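Have a look at this one before I ask anything.
Because the structure is predicted, anything quoted here is derived from the model rather than measured. Naming convention: chains lettered A, B, ... in sequence-line order (proteins, then strands); numbering from 1 in each chain.
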Number of protein chains: 2
Amino acid sequence: MSAVLPVIDTAASACCSPITGGVMDADEASTLAATFKAMGDPTRLRLLSMVAASDNGEACVCDLNELLDLSQGTVSHHLGQLVKAGLLTRTKRGTWSYYALVPGALPALADTLRV
Amino acid sequence: MSAVLPVIDTAASACCSPITGGVMDADEASTLAATFKAMGDPTRLRLLSMVAASDNGEACVCDLNELLDLSQGTVSHHLGQLVKAGLLTRTKRGTWSYYALVPGALPALADTLRV
DNA sequence: CGTATTCATTGACATCTGTCGATGGATTAC
DNA sequence: GTAATCCATCGACAGATGTCAATGAATACG
């Protein structure tokens with residue numbers, strides 16, 4: 001039987017060659033580095049964990065904003081970064097914006113760190 | 001005799017609570033973010049892969065410097081960042097500095113990304 | 001309608017970061 | 001000892017980044 005590979009077509013999925021799988025070329029390194037860079041900020045890491053921990057796996061900015069001692073504009077900026085990095089999705093319902101983890105994005109990133 | 005210092009209190013060893021394991025507090029987020037930040041640069045990612053791919057799992061700056069189109073000072077700077085982040089070790093033998101992966105550092109980081 | 005709420009975007013600002021060239025210390029080779 | 005090699009560190013600089021306050025667009029509510 002052949003293995004079925006779930007295809008996740010995000011920025012995160014593009015960086016799947018493990019770090020320890022030989023010398024990386026510049027392009028691959030840039031792509032993967034962009035994702036790690038998005039996670040290289042405490043606020044964004046907390047946002048990720050808050051989204052992951054919220055009910056239904058999604059949270060709106062109003063909830064996130066209260067827990068962080070930052071202006072609304074700053075939080076929105078960080079959320080935008082995470083979306084751009086392919087780690088979060090944004091869904092607008094009415095006045096609210098709901099953010100959720102991109103399925104498989106974090107595990108795909110974890111795979112690049114496997115030995 | 002000098003005192004024995006067996007404790008490796010690096011950033012990598014401290015970040016073991018998974019991102020999806022509940023809302024992270026600020027301290028934990030800062031510690032983990034520092035490690036991801038160190039990996040958020042293409043050059044440093046390439047350096048990691050080059051060290052991992054080299055014989056005996058270690059490489060000297062002279063080798064690394066040739067493959068990257070950067071000045072020696074810049075490469076040394078990046079290597080210092082990776083050491084500071086707890087991802088590489090530095091061993092000086094004679095005139096040469098050899099860098100190697102900190103055992104378990106990358107897998108520990110991968111664990112923080114598990115769902 | 002008008003007002004309030006939610007949130008992305010903009011402009012401004014201080015700080016951090018990546019890069020280089022130069023310097024200097026340590027070690028090896030002659 | 002002198003010269004050469006290896007490499008960390010320093011000073012400088014342009015560009016990126018995190019933050020805020022203010023603005024504006026879209027929607028909901030009266």
Working to the nearest 0.5 angstrom, can you tell me the gap between B/Leu113 CG and B/Ile19 CD1? 5.0 Å
Tell me, which of residues 55-64 of chain B have any heavy atom that sits under 4.0 Å from an atom in DNA chain D? B/Cys60, B/Val61, B/Cys62
Heavy atoms only, 4.0 Å cut-off, all strands: where does A/Tyr99 land among base, sugar-phosphate and nothing?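 A/Tyr99: backbone/sugar contact only, no base atoms under 4.0 Å.
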From OG1 (A/Thr35) to CG (A/Leu82), nearest 0.5 Å: 10.5 Å
Heavy-atom pair of closest approach, residues A/Gly86 and A/Ala105: O-CB, 3.6 Å
Outermost DNA chain D nucleotides near chain B [under 4.0 Å, heavy atoms]: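 First and last nucleotides in contact are D/dT5 to D/dT9.
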So which atom in B/Ala29 and which in A/Pro42 form the shortest heavy-atom distance, rounded to 0.1 Å? CB-O, 3.6 Å
Sequence neighbours excluded, every pair satisfying side chain to side chain donor-acceptor pair (under 3.5 Å) that has a member inside residues 44-57 of chain A: A/Arg44-A/His78
Would you compute the distance between atom CG of A/Leu47 and atom CG of A/Leu64 and round it to the nearest 0.5 angstrom? 5.5 Å
Expected output is a numbered-order residue list: members of residues 75-82 of chain B with a heavy atom under 4.0 Å from any atom of DNA chain D. What is it?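 Those residues whose heavy atoms fall under 4.0 Å from DNA chain D, taken from residues 75-82 of chain B in numerical order, are B/Ser76.
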Can you name the residues that form a side chain to side chain contact (heavy atoms under 4.5 Å, CB included) with A/Ala34, not counting sequence neighbours?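 In terms of side chain to side chain contact (heavy atoms under 4.5 Å, CB included), with neighbours along the sequence ignored, A/Ala34 is linked to no residue.
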Residue pairs passing the disulfide (SG to SG under 2.5 Å) test where at least one lies in residues 63-104 of chain A, sequence neighbours excluded: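 Output for this query is empty, none listed.
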Check for a donor-acceptor pair, side chain of A/Thr112 on one end and backbone N or O of A/Ala108 on the other, with a separation under 3.5 Å.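 The answer is no, because no donor-acceptor pair under 3.5 Å joins these two groups.
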Give every residue pair that meets the disulfide (SG to SG under 2.5 Å) criterion with at least one member in residues 49-88 of chain B, sequence neighbours excluded.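 Counting only pairs at least two positions apart or across chains, the disulfide (SG to SG under 2.5 Å) contacts touching residues 49-88 of chain B are B/Cys60-B/Cys62.
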Under the side-chain hydrogen bond (donor to acceptor under 3.5 Å, both in side chains) rule, collect the residues that match up with B/Gln81, sequence neighbours excluded.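 B/Gln81 satisfies side-chain hydrogen bond (donor to acceptor under 3.5 Å, both in side chains) with no other residue.
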At 4.0 Å (heavy atoms only), tell me whether A/Asn65 reaches a base, stays on the sugar-phosphate, or touches nothing. nothing
Starting from the first five and the last five pairs of the helix from C/dC1-D/dG30 to C/dC30-D/dG1, work out the angle between the resulting helix axes, to 10 degrees. 20°
Tabulate below the donor-acceptor pairs under 3.5 Å that side-chain atoms of residues 65-75 of chain B make, not counting sequence neighbours, or state none.
unit_1, atom_1, unit_2, atom_2, d
B/Ser71, OG, B/Thr74, N, 3.3
B/Ser71, OG, B/Thr74, OG1, 3.0

Compile the donor-acceptor pairs under 3.5 Å between side chains in residues 94-102 of chain B and protein atoms, sequence neighbours left out, one pair per line.
unit_1, atom_1, unit_2, atom_2, d
B/Ser97, OG, B/Arg90, NH1, 3.2

Reading nucleotides 20-30 of chain C from 5' to 3' and marking B where a protein heavy atom lies under 4.0 Å of the base, S where only the sugar-phosphate is that close, and - otherwise, the string is B------BS--
Straight-line distance of B/Lys37 NZ to A/Asp41 CG, nearest 0.5 Å: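 Interatomic distance, B/Lys37 NZ to A/Asp41 CG, rounded to 0.5 Å: 7.0 Å.
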When rounded to the nearest 0.5 angstrom, what is the spacing between CG in A/Leu32 and CG in B/Leu45?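 Reported to 0.5 Å precision, the distance equals 4.5 Å.
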